[in-house]
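Values below: every heavy atom of this structure, side chains too, minus hydrogens, waters and symmetry copies.
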Amino acid sequence: MVWSVIAVAFWAMLPAYVPNNAAVLAGGGAPIDGGRMMGDSRLLGDGKTWRGTAVGTVIGFSLAMVLNAINDPASAAIGVQFPTFPLLTALGLAFGAMLGDITASFIKRRSGRERGAAFPGLDQLDFVIGALALAFLTSPMWFLETFTLEVLLVVAIMTPALHVTTNIVAYAIGVKNEPW
Ligand code: CTP
Ligand code: MG
């Protein structure tokens, strides 16, 4: 029972988990803020690029399509009914994750934190909040059916744990500059 809730939560959030990691691998190139300042700090900073954002969104969306394609066999194998992602929902989850992360950088810069500085709590949850918010806006009915209270509870516990782990691994293998 608990395991099936965890499995559904993981499946539903995968298109939101992958974009930020894809952006780390794809980053570089022109920053979204074009170098613009707001007060004494950059608007967003060099860590938020057009390429990272675009690649992250496309990868997250594509992953949702792959999950849709394997939904039936996966559901049968695990013994739970996984959700399928409508196109707009898939886009909402993937782009929402990127948008949440970008919003967090905006907040970090306003609070005087340089690019790469840690902001515990915000770093781990920014992309979840962005993804859930855009998924709700693009498809409220799908959202309410998929993200029941127990699924949301699992997401709230599972996400920071996964985020911390993947970032430590990314740092250890040298693809990320900081372990957060
Ligand atoms: N990245 C990107 N575009 C994004 C998000 C991330 O290009 N929209 C890439 C950048 O190369 C970035 C790296 O992924 O440096 C790590 O992402 P993140 O930790 O979010 O950025 P930071 O460099 O730590 O900057 P910030 O302090 O603004 O979070
Ligand atoms: Mg960072």
Pairs satisfying ring-ring contact (aromatic ring centres under 6.0 Å, His included), at least one member in residues 29-50, at least two apart: none

Side chain to side chain, Gln81 and Val8, heavy atoms closer than 4.5 Å: no

side-chain hydrogen bond (donor to acceptor under 3.5 Å, both in side chains) partners for Ser139, two or more places apart: Thr89

Shortest non-hydrogen separation from Met1 to Ser4 and the atoms involved: O-OG, 2.8 Å

With sequence neighbours excluded, residues passing salt bridge (Lys or Arg N to Asp or Glu O under 4.0 Å) with Asp126: none

Stepwise side chain to side chain contact (heavy atoms under 4.5 Å, CB included) test for Ile102 and Leu44: CA-CA 7 Å; Ile102 290 169; Leu44 300 173; 3.9 Å; yes

Asp33 side chain near Met38 side chain, heavy-atom distance below 4.5 Å: no

Spacing of CG belonging to Asn167 relative to CD belonging to Gln124, to within rounding of 0.5 Å: 8.0 Å

Exam field: side chain Arg36 to backbone Arg42, donor-acceptor pair closer than 3.5 Å: no

Rounded distance (nearest 0.5 Å) linking atom CZ of Phe127 with atom CG of Leu132: 10.0 Å

Would you be so kind as to tabulate the donor-acceptor pairs closer than 3.5 Å made by side chains of residues 9-32, with sequence neighbours excluded?
residue	atom	partner	partner atom	Å
Trp11	NE1	Pro83	O	3.0
Tyr17	OH	Thr159	OG1	2.7
Asn21	ND2	Tyr17	O	3.0

Results of side-chain hydrogen bond (donor to acceptor under 3.5 Å, both in side chains) for Ser111 - residues two or more places apart only: Arg113

ring-ring contact (aromatic ring centres under 6.0 Å, His included) against Phe95, all qualifying residues, sequence neighbours excluded: none

hydrophobic_cluster_shared for Phe136 and Leu99, side chain cutoff 4.5 Å: no

side-chain contact (heavy atoms from CB on, under 4.5 Å) partners of Ile107, counting only residues at least two apart: Thr103, Phe119, Leu122

Single-linkage hydrophobic cluster Val128~Leu93, side-chain heavy atoms < 4.5 angstrom: yes

Expected list for residues 173-180: side-chain donor-acceptor pairs under 3.5 angstrom, two or more places apart:
residue	atom	partner	partner atom	Å
Lys176	NZ	Trp180	O	2.5
Trp180	NE1	Gly116	O	2.7

Same apolar cluster (I L V M F W Y, side chains within < 4.5 Å links), Leu144/Ile129: yes

Where Thr49 and Gly52 come nearest, the two heavy atoms and their spacing: OG1-N, 2.9 Å

Lys48 side chain reached by Phe106 side chain, heavy atoms, under 4.5 Å: no

Heavy-atom pair of closest approach, residues Thr148 and Glu145: CG2-O, 3.8 Å

Interatomic distance, Leu152 atom CG to Ile157 atom CD1 [nearest 0.5 angstrom]: 11.0 Å

Partners passing salt bridge (Lys or Arg N to Asp or Glu O under 4.0 Å) against Asp72 (at least two apart in sequence or in another chain): none

Show me the donor-acceptor pairs, under 3.5 Å and distance only, between side chains in residues 55-70 and residues at least two apart or in other chains.
residue	atom	partner	partner atom	Å
Thr57	OG1	Thr53	O	2.8
Ser62	OG	Val58	O	2.6
Asn68	OD1	Phe85	N	2.7
Asn68	ND2	Phe85	O	2.8

Separation between NZ of Lys108 and CD of Glu114, rounded to the nearest 0.5 Å: 11.5 Å

Exercise: identify the closest heavy-atom pair between Ala161 and Thr165: O-OG1, 2.6 Å

By side-chain hydrogen bond (donor to acceptor under 3.5 Å, both in side chains) - contacts of Arg110 (at least two apart): none

Same cluster (ILVMFWY, side-chain, under 4.5 Å), Val2 and Phe82: yes

Nearest-0.5 Å distance that lies between atom CG in Leu153 and atom CD in Glu150: 8.5 Å

Met158 reachable from Trp3 in the ILVMFWY side-chain graph, under 4.5 Å edges: yes

Which residues share a side-chain hydrogen bond (donor to acceptor under 3.5 Å, both in side chains) with Arg115, sequence neighbours left out: none

